[in-house]
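Everything below concerns the one structure shown next.
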Amino acid sequence: MVFASIRIGAYDSVRDFYCGKDFKGDPPILKKILAGLTTGAIGITVANPTDVVKIRLQAEGRLPEGVPKKYSGVMDAYSKIFAQEGLGGLWRGWGPNVMRNSIINAVELASYDEIKYQLIHSGLF
């Protein structure tokens, strides 16, 4: 929820920031891509701890019957990861996550933005 709110909610503001306050018209596609990369990176940086907890709980759900689980729930997972691995444990895998989510976000939002602009200005709608 936080990731989507940041990556989508901040996109227009970041795109407009990269274009400059005096810019008029349709932003260049490279500015749209850069804005998508930026908001994707910011979004996953904030959401990475939740992603770590989600992945670990999902992995535990696949354990065979009878194998003891390490975490009893979400809050227990947060506290145990922090206690055993420190704050950095909640950002484990951050680098690959930033690369993956930034690229996906840039493609999604830049293409959506461009197609929306072209359709609006095509006279079809």
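Keep in mind that what you see is a predicted model, and the values were worked out from it rather than measured. For reference, positions follow the sequence shown, starting with 1.
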Could you tell me which non-hydrogen atom of Lys32 sits nearest to which non-hydrogen atom of Pro27, and how far apart they are? CE-O, 3.2 Å
Check whether any side-chain N or O of Asn105 sits under 3.5 Å from a backbone N or O of Leu37 as a donor-acceptor pair, and report yes or no. no
Give me the atom names and distance for the closest heavy-atom approach of Arg100 to Asp51. NH2-OD2, 4.4 Å
Separation between OH (Tyr71) and OG (Ser79), nearest 0.5 Å, reads 9.5 Å
Spatial distance of atom NE2 (His121) from atom CG (Leu119) [nearest 0.5 Å]: 11.0 Å
Does any part of the side chain of Asp12, heavy atoms only, come nearer than 4.5 Å to the side chain of Arg15, both counted from C-beta? yes
Considering only heavy atoms from C-beta outward, does the side chain of Thr50 approach that of Tyr78 to under 4.5 Å? yes
Intermediate values then yes/no, side-chain contact (heavy atoms from CB on, under 4.5 Å), Gln118 and Glu114: CA-CA 6 Å; Gln118 295 300 328; Glu114 184 64 27; 2.9 Å; yes
Sub-4.5 Å side-chain heavy-atom contact between Phe3 and Ile44: yes
Rounded distance [0.5 Å steps], CG in Leu57 versus OG in Ser72: 9.0 Å
Stepwise, does the side-chain contact (heavy atoms from CB on, under 4.5 Å) test hold for Asn101 with Asn97? CA-CA 6 Å; Asn101 284 295; Asn97 252 352; 3.7 Å; yes
Passes side-chain contact (heavy atoms from CB on, under 4.5 Å), Val52 versus Ile81? Steps please. CA-CA 9 Å; Val52 168; Ile81 292 168; 4.0 Å; yes
Contact between Val53 and Val74 at the side-chain level, heavy atoms closer than 4.5 Å - yes or no? yes
Presence of salt bridge, Arg56 and Glu85, under 4.0 angstrom: yes
Report yes if the side chains of Arg62 and Gln58 come closer than 4.5 Å at any heavy-atom pair, otherwise no. no
Partner residues of Lys80 under the salt bridge (charged side-chain N to carboxylate O under 4.0 Å, His left out) criterion, sequence neighbours left out: Asp76
Would you say that Trp94 contacts Pro49 through its side chain, given a criterion of any heavy-atom pair below 4.5 Å between the two side chains? no
Would you name the heavy atoms of Ile6 and Ile42 that are closest together and state the gap between them? CG2-CG2, 3.9 Å
With no hydrogens and no angle check, is any side-chain donor or acceptor of Asp16 less than 3.5 Å from a backbone partner on Lys21? no
What closest approach, in Å, do Tyr11 and Ala110 show between heavy atoms, and which atom pair accounts for it? OH-CA, 3.8 Å
Salt bridge or not between Asp113 and Lys31? Use side-chain N to carboxylate O under 4.0 Å. no
At their closest point, which heavy atom of Gly40 faces which heavy atom of Ser102, and how far apart are they? C-OG, 3.9 Å
Could you tell me if the side chain of Arg92 sits less than 4.5 Å from the side chain of Ile55, heavy atoms only? no
Single-linkage hydrophobic cluster Leu87~Val98, side-chain heavy atoms < 4.5 angstrom: yes
Flag if over 12 foreign heavy atoms under 6.0 Å of CZ, Phe17: no
Tell me whether Lys69 contacts the main-chain N or O of Glu60 through its side chain, where contact means a donor paired with an acceptor under 3.5 Å. yes
Does atom OH of Tyr112 have more than 12 heavy-atom neighbours from other groups under 6.0 Å away? no
Stepwise side-chain contact (heavy atoms from CB on, under 4.5 Å) test for Thr38 and Tyr18: CA-CA 10 Å; Thr38 302; Tyr18 285 143; 2.7 Å; yes
Does atom CH2 of Trp91 have more than 12 heavy-atom neighbours, drawn from other residues, nucleotides or ligands, at distances under 6.0 Å? yes
